[in-house]
Student: 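Mind looking over this structure? Questions follow.
What you are looking at is a predicted structure, and each value in this text was computed from that prediction instead of being measured. Counting starts at 1 for both ligands and their atoms, in listed order. In what follows, residues are counted from 1 in the order of the sequence shown.
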Amino acid sequence: MALSSRTAPRTPRPSIELEVVSTERLSAHLVRVTLGGAGFAAFENRPETDKYVKIMFTTPPPESAPVTRTYTVRRVDAVAGTLDIDFVVHGDEGLAGPWAASARVGAPLQLMGPGGGYSPDHAADWHLFAGDLSAVPAIAAALEALPADAVGRAFIEVDSDDAILPLESPAGVEVEWVVDPTHDAEALAAVVRQCDWRTGDVQVFAHGERESMKALRRVLFDERGLDRARVSLSGYWARGRTEDRFQAEKREPIGQIL
Ligand SMILES: Cc1cc2nc3c(=O)[nH]c(=O)nc-3n(C[C@H](O)[C@H](O)[C@H](O)COP(=O)(O)OP(=O)(O)OC[C@H]3O[C@@H](n4cnc5c(N)ncnc54)[C@H](O)[C@@H]3O)c2cc1C
């Protein structure tokens, strides 16, 4: 009897072990960790600009299952045999943020993936990007992959001026930083709602804090009536939740965006 998809044993995804080659503070709130080493040979790159990996952290007791955290692969350098991950440093809470803030050269890091779901469509009339610092790696990678004549807008919400950093983009794609120290979940949506909306086919990439993405959902679908197929929208994290809780809540009404 064939096993149903519910009962079939899952094939474990392969994991690879890399090591920290260097670190760089990109801003007060973002640290780049460059990873490489012998394990890089097993990294199967993907074309999507939002490609992401699951980083596995071991927590005490040692025999317990590793805890995973999801991060965008900002850049792959196949010649150097390295990949960059840009971590938001968001305080002392959590595993990944504090790990990155004090990562030392030579430290090992185990990861699975990559997966990915979005690439800029060169046929779109214009591009809209919206997110917070956690989505900056994916937005920056997409901006760099756009053709030189691309047009659009990018809105990035941060909670202080010292989080702002220069991003490369085509001349026709303006990057606007939305500084909101109050963490108002409506702030990003309000700016997108009021922006100079171009005509024609828009492709959207919107990712970041979950409640902020729910507010954007209303703007993009209820108010602008966009086609779901043209919109990449999801929460990357949720305020007050660890990633474990955030992922578990995707099965509950509060965790659902689309
Ligand atoms: C596909 C995908 C790609 C992602 N790419 C990136 C990336 O490239 N860079 C990146 O930094 N993050 C990225 N994230 C978000 C990242 O996975 C979460 O922020 C994760 O919760 C961080 O883990 P942690 O161990 O540092 O904190 P956790 O243990 O998960 O959480 C501890 C506390 O910190 C808070 N917290 C978590 N993240 C943030 C944040 N960004 N700002 C403020 N408070 C926070 C939580 O709400 C919680 O209260 C991505 C998420 C997804 C799903």
Side-chain angles (χ1 to χ4, degrees), residues 13 23-35 46 48-60 66-76 83-103 109-119 129-144 156-160 162-163 165 167 178-185 187-188 205-213 232-251 254-258:
R13 298 168 75 189
T23 66
E24 181 188 358
R25 274 271 169 182
L26 301 179
S27 77
H29 304 278
L30 208 59
V31 64
R32 172 162 298 165
V33 178
T34 299
L35 298 154
R46 297 176 61 108
E48 294 91 344
T49 51
D50 72 339
K51 55 182 167 268
Y52 58 87
V53 290
K54 298 272 178 192
I55 301 175
M56 299 154 82
F57 289 95
T58 44
T59 51
V67 178
T68 61
R69 293 289 185 261
T70 312
Y71 279 84
T72 305
V73 177
R74 168 69 178 86
R75 186 179 290 133
V76 177
L83 58 85
D84 292 346
I85 298 181
D86 295 350
F87 294 79
V88 176
V89 176
H90 55 83
D92 298 333
E93 276 186 273
L95 293 171
W99 176 87
S102 60
L109 197 68
Q110 211 175 353
L111 51 86
M112 290 185 304
Y118 163 92
S119 297
F129 301 93
D132 58 27
L133 217 43
S134 71
V136 161
I139 292 175
L143 291 173
E144 288 172 9
I156 302 170
E157 184 193 349
V158 290
D159 53 19
S160 55
D162 60 1
L165 67 164
L167 297 183
V178 179
V179 181
D180 175 35
T182 69
H183 301 147
D184 177 359
L188 194 57
F205 184 82
H207 297 268
E209 202 281 326
R210 185 177 70 196
E211 297 310 307
S212 176
M213 293 301 115
S232 172
L233 173 79
S234 79
Y236 269 5
W237 62 286
R239 195 167 298 285
R241 270 85 169 165
T242 64
E243 183 171 337
D244 318 87
R245 183 79 212 125
F246 162 71
Q247 297 287 357
E249 283 181 352
K250 286 184 177 172
R251 294 186 289 276
I254 191 174
Q256 284 155 19
I257 294 182
L258 293 175

Student: Taking K250's backbone N and O only, do any of them form a donor-acceptor pair with Q256's side chain (distance below 3.5 Å, no angle check)?
Tutor: yes
Student: In terms of the angle between their ring planes, are F205 and Y118 parallel, tilted or perpendicular, with boundaries placed at 30° and 60°?
Tutor: tilted
Student: Check whether any side-chain heavy atom of Q110 sits under 4.5 Å from a side-chain heavy atom of V53, and report yes or no.
Tutor: no
Student: For E24, give me all partners under salt bridge (Lys or Arg N to Asp or Glu O under 4.0 Å), at least two apart in sequence or on another chain.
Tutor: none
Student: Within the structure provided, determine whether I85 and R74 are in side-chain contact (heavy-atom separation under 4.5 Å).
Tutor: no
Student: Got a donor-acceptor contact below 3.5 angstrom from the K51 side chain to the R46 backbone?
Tutor: yes
Student: Given a heavy-atom cut-off of 4.0 Å, could you list the residues near ligand 1 in chain and number order?
Tutor: Y52, R69, T70, Y71, T72, D86, F87, V88, H90, E93, G94, L95, A96, G97, S134, P137, Y236, W237, A238, R239, G240, R241, T242, E243
